[in-house]
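The structure appears below as structure tokens.
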Amino acid sequence: MDYQFKDIEQKWQQFWADKQTFKAENHTTKPKYYVLDMFPYPSGAGLHVGHPLGYIASDIFARYKRLKGFNVLHPMGYDSFGLPAEQYAIQTGQHPSVTTEDNIATYRRQLDQIGFSFDWSREVRTSSPDYYKWTQWIFMQLFNSWYNKSADKAESIDELVKHFETSGSQGINAVSDEDILTFTADEWKALPDSRQQEELLKYRLTYLRESTVNWCPALGTVLANDEVKDGFSERGGFPVEQKKMMQWSMRITAYAERLLQGLDTIDWPEPLKEMQRNWIGKSVGASVKFPIESPLSFGEGRVESASIEVFTTRVDTIFGVTLVVLAPEHELVAALTTPEQKAGIDAYIAQTKKKSELDRMADTKTVSGAFTGSYVLNPLNGERIPVWIADYVLAGYGTGAVMAVPSGDQRDYLFAKHFNLPIIPILDSQNIDTEADPTKEGKYINSGFANGLEYKEATAAIIAKLEAVGAGKAKVNFRMRDAIFGRQRYWGEPVPVYFKDGLPYLISEADLPLLLPEIDKYLPTESGEPPLGRATGWAYHASPKESVSEEELKAPSPLERAGGEAYPYELSTMPGWAGSSWYWYRYMDAHNNNEFASKEAIEYWKDVDLYIGGSEHATGHLLYSRFWNKFLKDIGKVTEEEPFKKLINQGMIQGRSNFVYRLIDEQGRGTNTFVSHGLIKDYKTSPLHVDVNIVENEVLNLDKFKKFRSEFENAEFILENGKYICGVEVEKMSKSKFNVVNPDDIIERYGADTLRMYEMFLGPLEQSKPWNTNGIEGVFKFLRKFWRLFHNDAWELNVSNEAPTKAELKSLHKIIRKVEEDIERFSFNTSVSSFMIAVNELTELKCNKRAILQEMVIVLSPYAPHICEELWTLLGNPAGTLSYAAYPKFNPAYLVEDDFAYPISINGKTKMNLSIPLSLEAKEVEQFVLANADVQRYLDGKTPKKIIVVKGRIVNMVV
RNA sequence: GCUCAGAUGGUGGAACUGGUAGACACGCAGGACUUAAAAUCCUGUGCCCUCAACAGGCGUGCGGGUUCGAUUCCCGCUCUGAGUACCA
């Protein structure tokens, strides 16, 4: 039979599903290998041809590892909480769970068609209560933990309480809020419970605090920093503003240093590690306090001596400070402003507020600022330093205040020049005639006791002095902020917290999962509360739940509704990244009702050996996952410090749009005539997107085009060489650009094996590239050619048991080694070429030997599993055994050559090839070459000055 | 601005450690089969000079350098893509 890919693919997909061929065991003697894909959000649009790229690569790897004798865990699931389903619910009233269910069904059908070897028995969905029960459980563990800096790990909050009870706050070195109290054990014990809880909240790893958040009014929710791009929401592109709100946060900053250090231990792409390093943004420097010259009046009769604290990475330049600059939002600005300067300061603040964040970023050239009228004193020499405000200082970084050193920092330099402030050079090698010079070279001048020292000594001496006078200390600052952990939305995990006297308390573990309640519509309440505020009876009942009366349930506000023993639940839900921050553990033991995964399962699978996904998750998912993993390790629930040992970013598949060119008439109106791309310079035309699915190799299918839209029914064409050639542009793949290619269509026409191989053939996995079906015929032809090796001209199976020849064995072993090398270094595109070469060679040799073909089937099977399963059974092997066959062993003996065709070059330019026995040593090769008549002809009677012979590589003669 | 990645025929790409640049595939051209088309098969195909062959010249973004020899290493530059952005 001819190669009937449709029948073959359906047959084997059914077989794998029925027999659970790819079900992984948690107990075997085989070594484990965990291959993971970033699970998708099941969107309504379904998969396009770009989505499976990474899945195909990981599937090839997983199948290859099975052949190599590993027990492979290769699961798939869905990140099924998220905004699009909820937006759809708002528009249609359709429950997000229904939409999600439908979308998952589409995804599953599409994934199944591609022939992935996923273990579907372990599927997870983040929106399923069985799953989010454990997301909530992890939240509770975070709530019950604090970060002990001395032990450099998270510890139970009970330990902290014990310490408070015995020793008070003394000796605690924690990552916490800044306004923590100092107290003795007795003082602690005397505090009422509510005050104790309030204090503990400042230590918990997940905590509630008033913070400035990215508020997106259009989406009605707050967004994390990584969900905001240039002042607009990443999803939907709506404007985002800053707003103060009571919010759940995760103390990820506690792990900043470990998140940074861990990067050196994992095999990830360097650019991605770099992005995480930048995001964490560690800078080493010092904090310095500049005492304010005169006591400040805070109004209401409160007068205090205060100081301004700054962070600097160049504390060595402290003698060059000629002004201190505060962010306009800095808390001391009002108190520092003298009556004479008030008008100016107020005007400046008003002006700053008017500027959007975008303007403020775009406008980095103009220098602006205002003088407060107050002075601080340099802690080392007592110099009076004016205090200014300027919007180039950011409230959110460091302390929101800088010591400005115009001689060493360009922004400070411009500022000082603009406002005519002094510029003091502090190094003898500094040149500050036209711009600041940030050098560290030379010896210090104008620097008091540091004069004559060099950079390192000066820094050390100045820090020592600052510490001695209590005005500063060495400090490490991180750019990364704690992550906001709440969304004012419906379709997410409920936070397992209720409120009593305004303070949060965890519900009992026995009450997990806290199920998402039904609500009438998916919008905020009239009073602006999140959608969960609409739920009736959304309250925790400490005593038996039945104690709430119907009337209480109908009460208008949660507080009143709660009544006696019931307390209102948190109304926000968890953000999108909650469920994806630990899902790889659930796959290890997906149906466990007692734990998120059993200790045995975690100790067996440990971590993900290979993780494939897009680089867009660099500072979101991948950072949060590492954070939660480290936390779970600290509390002894998992074994590894890092969750993903090796990570590969597959490139993005871009759309490749095709255009037709509509002729414009004299009046500038569009006509119904279209000009082929090669001729448009001779006409006046306007480009128009045309569906890429009716274009092949840039040639437009005219009949299909006429049916594309009714207005084109009578279209006329100006052709070149009888064809209409379309224009091409690379853009994002999107419906509006008519450049979306659906894998279903490709599979319908060529089959899944062709799709799989073609996606790999397109180019290196990690490179972004436009989708282009121009070469797909070649891959399809290759599979047919492979099929034909097993068949005669009448398409009857025709395989011989004869012993293979030397040439046949050579072809086979070349490919055995090549595919092994390529897969290990994730170079899947080069394997596809090599398969083509091997099949071309075997076709040339008319090889139909079982000994060769059977091995070929195994080697090709990770790439094209369906056709290989079919051929494997046609060869007489039991159905389904191919997936666990042994990868053929490479034997170098078959590749040994007697001769090598040496390229003979003169002055580095290759002139000819000469076959020379490989047994000859360099000197003998030289004689052999010189004895050759053709070589002599090239030498034209001259004697080479020098002859370079690299054995088995090249001969080069210098004339 | 800074950081990172990249630039090879008409196209996608290959060349793994400095050693025959352009493998493999698409496209294109010519041919076979066919009444014809599709499908299939065969041949050619980096550019220039040449009727053609022989031979030759040029050629991996640009300009230099190291080397017997550079797509590969070094210096400088241009362009493209990604990330980041007044980070003190």
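We name chains A, B, ... by the order of the sequence lines, and we start the count at 1 in each one.
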Original post:
Do the ring planes of Trp771(A) and Tyr758(A) sit parallel (below 30°), tilted (30 to 60°) or perpendicular (above 60°)?
Top reply: perpendicular
Please tell me if [X] has a side-chain N or O lying less than 4.0 Å from either OP1 or OP2 of [N].
X         : N      : result
Lys282(A) : C87(B) : no
Arg411(A) : C87(B) : yes
Arg953(A) : G69(B) : no

**OP:** Determine the contact category for Ile948(A): base if any of its heavy atoms lies under 4.0 Å from a base atom, sugar-phosphate if only primed atoms, P, OP1 or OP2 are that close, otherwise nothing.
**Re:** base
Original post:
Is Asn477(A) touching bases, backbone alone, or none of the nucleic acid, heavy atoms closer than 4.0 Å?
Top reply: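 Asn477(A): no heavy atom of the nucleic acid under 4.0 Å.
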Under the side-chain hydrogen bond (donor to acceptor under 3.5 Å, both in side chains) test, residues paired with [X] that sit two or more places apart:
X         : value
Asp437(A) : none
Arg411(A) : Asp409(A)
Lys473(A) : none

Starting at [atom1] of [X] and ending at [atom2] of [N], how long is that distance when rounded to a whole Å?
X         : N      : atom1 : atom2 : value
Gln276(A) : U3(B)  : CD    : C1'   : 15 Å
Leu414(A) : G1(B)  : CG    : C1'   : 13 Å
Ile815(A) : A23(B) : CD1   : C1'   : 13 Å
Arg479(A) : C87(B) : CZ    : P     : 11 Å
Lys951(A) : C68(B) : NZ    : P     : 24 Å
Ile954(A) : U17(B) : CD1   : C1'   : 15 Å
Leu914(A) : U20(B) : CG    : P     : 16 Å
Leu272(A) : G81(B) : CG    : P     : 21 Å

Original post:
In the 5'-to-3' direction, what one-character label does each nucleotide of nucleotides 11-16 of chain B receive under the scheme B = base within less than 4.0 Å of a protein heavy atom, S = sugar-phosphate only, - = no such atom?
Top reply: -BSS-B
**OP:** Treat primed atoms plus P, OP1 and OP2 as sugar-phosphate and everything else as base, then score nucleotides 54-59 of chain B 5' to 3': B for base contact with protein heavy atoms under 4.0 Å, S for sugar-phosphate contact only, - for none.
**Re:** --S---
From the set [options], return the single nucleotide nearest to any side-chain atom of [X].
X         : options                : result
Pro271(A) : C4(B), U20(B), U40(B)  : C4(B)
Leu394(A) : A88(B), C24(B), U20(B) : A88(B)
Asn956(A) : A85(B), C41(B), G69(B) : G69(B)
Pro903(A) : G19(B), U20(B), C26(B) : U20(B)

Quote, to the nearest angstrom, the [atom1] distance that separates [N] from [M].
N      : M      : atom1 : answer
C41(B) : A82(B) : P     : 41 Å
A23(B) : C74(B) : C1'   : 29 Å
C75(B) : A70(B) : C1'   : 15 Å
C24(B) : A15(B) : P     : 14 Å
C68(B) : A14(B) : C1'   : 26 Å
U72(B) : U66(B) : P     : 15 Å
G81(B) : G57(B) : C1'   : 36 Å

Original post:
Relative to the 5' end of RNA chain B, which residue comes earlier, Val958(A) or Asp409(A), by the nucleotide with the nearest heavy atom?
Top reply: Val958(A)
**OP:** Map Thr313(A) and Val950(A) onto RNA chain B by nearest heavy atom, then report which one ends up closer to the 5' terminus.
**Re:**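 First, find each residue's nearest nucleotide; the 5'-ward one identifies Val950(A).
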Subject >> Chi class for G59(B): syn within 90° of 0, otherwise anti >> reply: anti
Any pair counted as salt bridge (charged side-chain N to carboxylate O under 4.0 Å, His left out), so long as it reaches [range], sequence neighbours left out:
range                       : value
residues 273-289 of chain A : Glu257(A)-Lys282(A), Asp264(A)-Arg277(A), Glu270(A)-Arg277(A), Glu274(A)-Arg277(A)
residues 812-823 of chain A : Lys68(A)-Glu820(A), Lys814(A)-Glu841(A), Lys818(A)-Asp822(A), Asp822(A)-Arg825(A)
residues 828-839 of chain A : none

Original post:
Hey, does Ile423(A) have a side-chain heavy atom less than 4.5 Å from the side chain of Thr322(A)?
Top reply: no
Approximate separation, where rounding is to 0.5 Å, of [X] [atom1] and [Y] [atom2]:
X         : Y         : atom1 : atom2 : result
Ser657(A) : Met733(A) : OG    : CE    : 9.0 Å
Met760(A) : Leu762(A) : CE    : CG    : 8.5 Å
Ile648(A) : Ser615(A) : CD1   : OG    : 12.5 Å

Subject >> Secondary-structure string, 5' to 3', Watson-Crick or G-U under 3.5 Å, | for another-strand partners, for RNA chain B >> reply: (((((((..(((......[....)))((((((.......))))))(((.......)))..(((((..]....))))))))))))....
Subject >> Test ring-ring contact (aromatic ring centres under 6.0 Å, His included) applied to Phe419(A) - qualifying residues, sequence neighbours left out >> reply: Trp388(A), Phe415(A)
**OP:** Report the residues that fulfil ring-ring contact (aromatic ring centres under 6.0 Å, His included) with Phe311(A), sequence neighbours left out, ordered by chain and then residue number.
**Re:** none
Subject >> Partner residues of Lys951(A) under the salt bridge (Lys or Arg N to Asp or Glu O under 4.0 Å) criterion, sequence neighbours left out >> reply: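 Expected list: Glu921(A).
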